[in-house]
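Worksheet for the structure shown next.
These values consider heavy atoms only, across backbone and side chains, with no hydrogens, waters or symmetry-generated copies. The sequence lines fix the lettering, A, B, ..., with proteins before strands; numbering per chain opens at 1. What you are looking at is a predicted structure, and each value in this text was computed from that prediction instead of being measured.
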2 protein chains.
Amino acid sequence: HGMALARMGNELRCQCIATHSKFINPRSIQDVKLTQSGPHCKNVEVIATLKDGREVCLEPTAPWVQLIIKSILAKAKSNTDTPL
Amino acid sequence: HGMALARMGNELRCQCIATHSKFINPRSIQDVKLTQSGPHCKNVEVIATLKDGREVCLEPTAPWVQLIIKSILAKAKSNTDTPL
């Protein structure tokens, strides 16, 4: 069901067999890893680790995926804006 | 020298002690992990794995860091644009 993830680690092949198509609430996401394409895999891969420990492959071209990434970075900005 | 990384894994604390301030060529980056702030750490953390295996903490608010993330996502777009 779109959660297809081959294995973790720096493998010499693609990590994602399929991507999760439904929206995932950013609040349930712990971290997002963006992997460049390269000799190991021709696709850019986006793997989210959810707060419950599951790992989910996301579609890097999906607008909501790009929004999640933007929102994480935006939070970093507002963190530094707060006075010490 | 800004490479300070506490340890990998889903630890219950911040992973980055300091962030690398100098520009890193996107070509030398294998993947970038964005970790949300949360109870384990009040900072948004951006950790890049370089192609030589080193892990580097990056400053999430630095414009060049945001550009690197954008460029990885943009590559995903151009991949899907190419006809099969």
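Note that CG of A:L34 and NZ of B:K75 are 11.5 Å apart. Values are rounded to the nearest 0.5 Å. In this structure, A:I47 CD1 and B:K33 NZ are separated by 11.0 Å, a value rounded to the nearest 0.5 Å.
Remark: B:Q66 pairs with no residue by the side chain to side chain donor-acceptor pair (under 3.5 Å) rule, at least two apart or across chains.
Using a 4.5 Å heavy-atom cutoff, the side chains of A:L73 and B:I69 are in contact. You'll find the side chain of A:Q30 reaches within 4.5 Å of the side chain of B:H40, heavy atoms only.
The cluster map of Ile, Leu, Val, Met, Phe, Trp and Tyr, joined by side-chain heavy atoms under 4.5 Å apart, puts B:L67 and B:I29 in different clusters. B:F23 and B:L58 end up in the same hydrophobic cluster when Ile, Leu, Val, Met, Phe, Trp and Tyr side chains are linked at under 4.5 Å.
No donor-acceptor pair closer than 3.5 Å links the side chain of A:Q36 to the backbone N or O of B:V32.
For a residue to count as touching a neighbouring chain, one of its non-hydrogen atoms must lie under 4.5 Å from one of that chain's; by this rule A:K51 does not touch chain B.
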